[in-house]
Protein chains: 2
Amino acid sequence: MKMSDVARTAGVSVATVSKVVNGRWGVAQSTVDRVQRVIEQLGYEASLGAQSLRSQRTNVLGILVAEFEPFSTELLKGASAEVERTDYELLAYAAGARGSKVGWERRSLARLSGTLIDGAILVTPTVVEAKQGVHVVAIDPHTGPSGMPTVDSDNFAGAMLATNHLLGLGHRRIGFIGGRPDLESARLREAGFRKAMAQARVGVDEALVRVGGYRTESAEGPARELLSRAERPTAVFAANDLSAIATVMAARGLGLTVPDDLSVIGFDNVPESALSRPPLTTIKQPLQQMGAEALRLLVDLIAGVERDTHVRLPTELVVRDSCTPPR
Amino acid sequence: MKMSDVARTAGVSVATVSKVVNGRWGVAQSTVDRVQRVIEQLGYEASLGAQSLRSQRTNVLGILVAEFEPFSTELLKGASAEVERTDYELLAYAAGARGSKVGWERRSLARLSGTLIDGAILVTPTVVEAKQGVHVVAIDPHTGPSGMPTVDSDNFAGAMLATNHLLGLGHRRIGFIGGRPDLESARLREAGFRKAMAQARVGVDEALVRVGGYRTESAEGPARELLSRAERPTAVFAANDLSAIATVMAARGLGLTVPDDLSVIGFDNVPESALSRPPLTTIKQPLQQMGAEALRLLVDLIAGVERDTHVRLPTELVVRDSCTPPR
DNA sequence: ATGAAAGCGCTAACAT
DNA sequence: ATGTTAGCGCTTTCAT
């Protein structure tokens with residue numbers, strides 16, 4: 001089913017069909033009607049691939065992620081809700097396992113931009129190369145507010161909120177499971193942790209600070225190590241919910257009960273944090289809103305609207321059941 | 001940055017570059033090396049649009065949805081995890097608001113298939129037109145096990161589970177908020193509800209059976225109507241979690257407390273069901289597993305593997321806090 | 001081993 | 001008002 005099929009059936013040239021499809025001027029009303037009827041009948045729809053190769057605009061926005069996990073899918077929900085208010089369509093692309101997963105953002109962007117999509121949202125990109133000619137918005141990128149339009153949340157304040165919550169409960173021996181060192185968010189969360197500890201004049205035991213890499217698989221080992229120490233912490237602040245869940249699992253594996261033997265606080269407030277046993281106390285990032293803001297920002301950028309290209313949203317404490325005072 | 005740029009820089013023709021990129025036979029090793037170095041240097045990546053227009057395979061699988069909401073994003077997580085075990089990449093496409101949202105599955109499929117993707121997973125499609133030449137798997141489609149390869153869960157048994165849970169608690173006046181009448185899953189859930197009621201010899205008050213359409217916005221009105229009746233139900237079985245959440249909100253709006261004044265049970269076990277206040281008792285569909293199974297099925301279909309093309313997964317009761325015995 | 005050229009489905013400038 | 005034609009970036013014969 002292609003345009004030439006429509007043309008043949010309607011007894012016109014492909015050029016005429018193209019004009020009808022794109023609402024171009026200069027086709028007789030009777031022809032328009034006839035062609036449209038054929039299109040309807042045959043259920044013709046222009047091929048995105050071919051269409052975009054030839055024309056500049058596709059009316060499709062891309063959101064590029066490494067994979068679809070709880071974090072990126074929350075952003076997706078927000079972007080999806082916002083895109084309904086525009087006349088764009090949304091294309092989410094997950095880089096494959098090919099190429100060892102590093103540099104996926106550049107690869108995906110190169111593969112899609114210029115042709116398939118009019119602009120892209122990059123989720124936690126680490127290579128922030130300012131491509132020109134393509135409109136790009138980053139969510140929670142490698143570096144802080146750089147030249148690239150960015151949406152993030154107040155990671156530093158959020159980390160202080162988390163740490164102060166543990167301190168307020170009376171904890172002093174507090175461990176930290178860090179995120180991906182290549183992400184600004186991870187740096188800010190660690191900085192917030194240290195700042196709050198310093199403000200409270202509580203020392204940070206460096207043996208209790210580990211790198212968890214933001215993923216369950218990569219965080220469980222470090223968490224277990226940390227909890228296996230003779231002088232183990234009474235509380236752990238994990239840099240994101242997945243690491244926090246991994247920490248809870250590690251604790252369970254060591255015969256520890258959360259929160260009785262160990263308090264755990266996470267970060268992000270992905271839905272999974274509430275499903276975890278016990279439900280996780282965490283710092284909420286307004287992820288759906290961040291997705292929506294990023295999409296709005298991208299649309300504005302494409303439209304040439306003059307506006308602030310850096311959006312930072314507030315974080316807040318969500319108290320559930322994974323933290324209590326130390327025994 | 002296109003192939004001709006690489007060719008010019010490397011001092012060869014585009015044809016040669018293409019051969020190198022695709023690992024074709026018949027290029028001198030020295031040339032291969034040189035071209036690859038240039039590709040590396042320039043960060044060249046083939047344009048998906050152009051590439052797919054010309055060649056048959058793209059190594060990209062599509063998952064087509066109406067929008068990114070809790071249900072489809074759970075499927076996405078499962079499909080994403082499974083795709084890592086293959087060498088495909090995953091492209092999720094949300095039909096835009098254009099064209100009044102009906103027939104989106106046909107439109108999206110026509111737009112992407114043939115060119116951009118090697119196969120597609122359709123999420124809750126209602127128009128199950130067996131396109132030929134494109135490999136398609138449906139999740140929870142309009143019709144039951146048809147000719148189209150399908151993944152779903154045992155909706156009928158799940159609905160009986162839900163209804164029997166309410167009956168077991170002692171409820172007799174039980175309302176039902178139905179799903180989208182055009183989806184087989186909705187029909188089966190209603191059928192399961194009626195079957196369980198009949199088995200228990202409890203009558204169904206037709207005034208307490210409404211259509212909620214599976215969405216929060218569309219379910220809240222019917223829920224309010226149902227709860228505003230003089231003889232209001234002591235429990236409601238909502239055909240999915242979003243409708244159940246809408247029912248809880250409607251109850252709250254009427255000054256009713258869940259579960260004290262009204263028990264509510266949902267269906268799906270999307271993460272949001274646990275976040276709801278109170279946490280929702282519901283029927284779990286293994287959504288991530290369904291996404292993974294659909295992807296595996298699609299990959300097998302493309303590879304020409306002989307296998308069962310209909311996968312049905314079990315449902316189970318998840319007890320949380322939204323149901324108690326009637327007062 | 002390499003390159004020239006045709007063509008994938010579409011759009012747009014240019015005839016007619 | 002309609003059709004002819006060139007060309008988007010790429011792959012694939014087919015010459016050389």
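Remember, predicted model here, so these are calculated numbers, not experimental data. Order of the sequence lines sets the chain letters (A, B, ...), proteins ahead of strands, with each chain counted from 1.
In this entry the distance linking CG of A:L48 with P of C:dT11 reads 11 Å, nearest Å. A:R111 has its CZ atom 11 Å from the P atom of D:dC10, to the nearest Å. Taking atom CD of residue B:Q29 and atom C1' of nucleotide C:dT2, one finds them 16 Å apart after rounding to whole Å. At whole-Å resolution of the value, CZ in B:R57 and P in D:dT12 are 12 Å apart. Taking atom CG on B:L112 and atom P on C:dG9, their separation rounds to 16 Å, with Å as the unit. Residue A:Q51 contributes atom CD, which lies 16 Å from atom P of D:dG9 at whole-angstrom precision. At whole-Å resolution of the value, CG in B:L53 and P in C:dG7 are 14 Å apart. Put simply, CZ on A:R24 is 15 Å from P on C:dC14, counting in whole angstrom units.
Judged by distance alone with a 3.5 Å cut-off, a donor-acceptor contact links the side chain of B:R54 to the base of C:dG7.
A salt bridge between B:E293 and B:R296 is absent, with no side-chain N of the basic residue lying under 4.0 Å from a carboxylate O of the acidic one. A salt bridge links B:R215 with B:E67; the closest basic N to acidic carboxylate O contact falls under 4.0 Å. We find that A:R37 and A:E40 are not joined by a salt bridge, their nearest charged nitrogen and carboxylate oxygen being 4.0 Å or further apart.
Between the B:N240 side chain and the B:Y214 main chain, a donor and an acceptor come within less than 3.5 Å of each other.
For B:T31, a side-chain nitrogen or oxygen approaches OP1 or OP2 of C:dT2 to under 4.0 Å. Listed pair B:Y44 / D:dG9 fails the phosphate criterion, with no side-chain N or O lying under 4.0 Å from OP1 or OP2. Here A:S47 does not reach the OP1 or OP2 of C:dC10: none of its side-chain N or O atoms lies under 4.0 Å away.
If you check every strand for non-hydrogen atoms under 4.0 Å, B:S52 touches nothing. Residue A:A28 is classed as a sugar-phosphate contact, given heavy-atom separations below 4.0 Å to backbone atoms only. Across all strands, A:V12 comes closer than 4.0 Å only to sugar-phosphate atoms, never to a base (heavy-atom distances).
Here the nucleotide nearest the side chain of A:S13, chosen from D:dT11, D:dG9, D:dT4, is D:dT4. Closest approach to the A:K19 side chain among C:dT2, D:dT2, D:dT11 is made by D:dT2 (side chain taken as heavy atoms from C-beta onward).
Place B:V32 and B:S55 on DNA chain C by their nearest nucleotides, and B:V32 ends up nearer the 5' end. Both B:S18 and A:A15 sit near DNA chain D, but only A:A15 has its closest nucleotide nearer the 5' end.
Within 6.0 Å of CD on A:Q56 lie no more than 12 heavy atoms contributed by other residues, nucleotides or ligands.
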